[in-house]
Protein chains: 2
Amino acid sequence: MTADPHPTAGSASHHGHDHAHCIADALMRADALCAERGARLTALRRQVLELVWNSHKPRGAYAILEDLSQREGKATAPLTVYRALEFLVEHGLVHRIESLNAYIGCAAPGAVHSGQFLVCETCGNAVEIDDPRIRAAIGTIAAEHGFQVSRPTVEVRGTCTDCQEKTP
Amino acid sequence: MTADPHPTAGSASHHGHDHAHCIADALMRADALCAERGARLTALRRQVLELVWNSHKPRGAYAILEDLSQREGKATAPLTVYRALEFLVEHGLVHRIESLNAYIGCAAPGAVHSGQFLVCETCGNAVEIDDPRIRAAIGTIAAEHGFQVSRPTVEVRGTCTDCQEKTP
DNA sequence: TCCGGCGATGTAATAAGATAACGCCATGAC
DNA sequence: GTCATGGCGTTATCTTATTACATCGCCGGA
């Protein structure tokens, strides 16, 4: 374990917003969504979801694993976390950022969307976008190729506004 | 090592085209590009490039490693392959498919493009596209967010025409 | 020619990410 | 109560990627 270049946010780091509210909100929506679907948001899964929402930075499975182990006070197996993440991803509560092998809370669970992200290489924050133009453009070109889309992935690496200002 | 669901193509598998020509062409362009830039396309790097071009399916680093070891008649270290891949990616001769942890030859080395792919989940083939609409849409939304793009990644998973026909 | 430097490669060890195989236990339907 | 199902624990293992350090070979300048 080496030093994390993008330390996890505390309770209020992203633009100084009330992140505790983010978390609470995400958990509430997850509860509602799972209840509606008859999916079981168990204590473990809820815990993992909360840990994913700990910041707006994508987090690796093993980072979450460490957090979980610490909270539980005992070592947890990787599989435990992966299974919970699998459930959360399946139900659209969490997205996987392919280019980082990491996971991030979904900003709009329940809504139809395709998972598009602006990932800042400096601070590590990832903002979920869902631009209809991108979606449309992908749909169009796929159609032109006779390609049937199942899962579009858009991950734009770059520098966010804040980080541009800090290093001009 | 388990059975590969997407076995590597022989000399003529993708739409029955002359794949040997694909390879030869790719190597020629690589030679030209590197010469032009003063980059050293060493025997090893050229070999790895050739192995990447062995098919139109993204290939994992360790798959390439195996091929290389076999060709050389002696075990090769992972690092050897990773270093060669790094060089090839840097010079735009090869793209990395993030969602597969795999590598594929670039269809248009030298040209400005952003790396967009249609990846078939059935046959494993990946087609590189470079749709200006997608590029434009990403540029627009990034600008709206004040986000400075360094590396856009678009990987569309789905089913290609051929595979749709085979399993209707 | 010899030397120095630098980029490329070799070797070994290990980190990081993910899954397979097996079994127990809690929950809920009947 | 019984049974089926799904969730979770345990262990082992696999795949992917990197760190650290040594060596080689080419090329330019003295």
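First the proteins, then the strands, lettered A, B, ... as listed; each starts at 1.
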Step by step, work out the salt bridge (Lys or Arg N to Asp or Glu O under 4.0 Å) result for A/Arg151 and A/Glu98.
CA-CA 12 Å; A/Arg151 191 161 62 80; A/Glu98 302 290 349; 3.4 Å; yes
Residues forming a side-chain contact (heavy atoms from CB on, under 4.5 Å) with B/Arg71, sequence neighbours excluded
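side-chain contact (heavy atoms from CB on, under 4.5 Å) list for B/Arg71, sorted by chain: B/Gln47, B/Glu50, B/Leu51.
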Report yes if a side-chain nitrogen or oxygen of A/Thr80 is closer than 4.0 Å to either non-bridging phosphate oxygen (OP1 or OP2) of D/dG9; otherwise report no.
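Yes.
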Hey, is the side chain of B/Thr76 poking within less than 4.0 Å of OP1 or OP2 on C/dG10, counting only N and O atoms?
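No, B/Thr76 has no side-chain N/O under 4.0 Å of OP1/OP2 on C/dG10.
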B/Ser114 versus B/Gln116, side-chain donor and acceptor atoms under 3.5 Å
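On atom types as modelled, these side chains qualify, holding a pair under 3.5 Å.
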Does either side chain, that of A/Ser99 or that of A/Glu155, offer a donor lying less than 3.5 Å from an acceptor on the other one?
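Yes - a donor-acceptor pair under 3.5 Å links their side chains.
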Take the protein atom [atom1] of [X] and the nucleotide atom [atom2] of [N], then report the distance between them rounded to whole Å.
{"X": "A/Leu65", "N": "C/dA18", "atom1": "CG", "atom2": "C1'", "result": "12 Å"}
{"X": "A/Glu66", "N": "C/dA15", "atom1": "CD", "atom2": "C1'", "result": "13 Å"}
{"X": "A/Arg59", "N": "C/dG17", "atom1": "CZ", "atom2": "P", "result": "11 Å"}

B/Ala61 vs A/Glu72, nearer the 5' end of DNA chain D by closest nucleotide
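Looking at DNA chain D, the more 5' nearest nucleotide goes with A/Glu72.
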Say you draw a straight line from CG of B/Asn125 to CG of B/Leu118; how long is it, rounded to the nearest 0.5 Å?
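B/Asn125 atom CG to B/Leu118 atom CG measures 11.5 Å (nearest 0.5 Å).
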Map B/Ala77 and A/Gly60 onto DNA chain C by nearest heavy atom, then report which one ends up closer to the 5' terminus.
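With B/Ala77 and A/Gly60 compared, the 5'-side residue is B/Ala77.
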Please work out whether the ring planes of A/His19 and A/Trp53 are parallel, tilted or perpendicular, with thresholds of 30° and 60°.
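Correct class here is tilted.
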Using a cut-off of strictly less than 4.0 Å between a heavy atom of the residue and any atom of DNA chain C, enumerate the qualifying residues of residues 85-104 of chain B by number.
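By residue number: none to list.
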A/Ile64 and side chain to side chain contact (heavy atoms under 4.5 Å, CB included): which single residue from A/Leu49, A/Val81, A/Asn54, A/Thr80 fits?
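Considering A/Leu49, A/Val81, A/Asn54, A/Thr80, a side chain to side chain contact (heavy atoms under 4.5 Å, CB included) with A/Ile64 is found only for A/Val81.
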Tabulate atom names and distances for all N/O pairs under 3.5 angstrom spanning the protein and nucleotides 18-29 of chain D.
none

Locate the shortest heavy-atom distance separating B/Thr76 from B/Leu65; write the atom from each residue and the value.
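Smallest interatomic distance, heavy atoms only, reads O-CD1, 3.2 Å.
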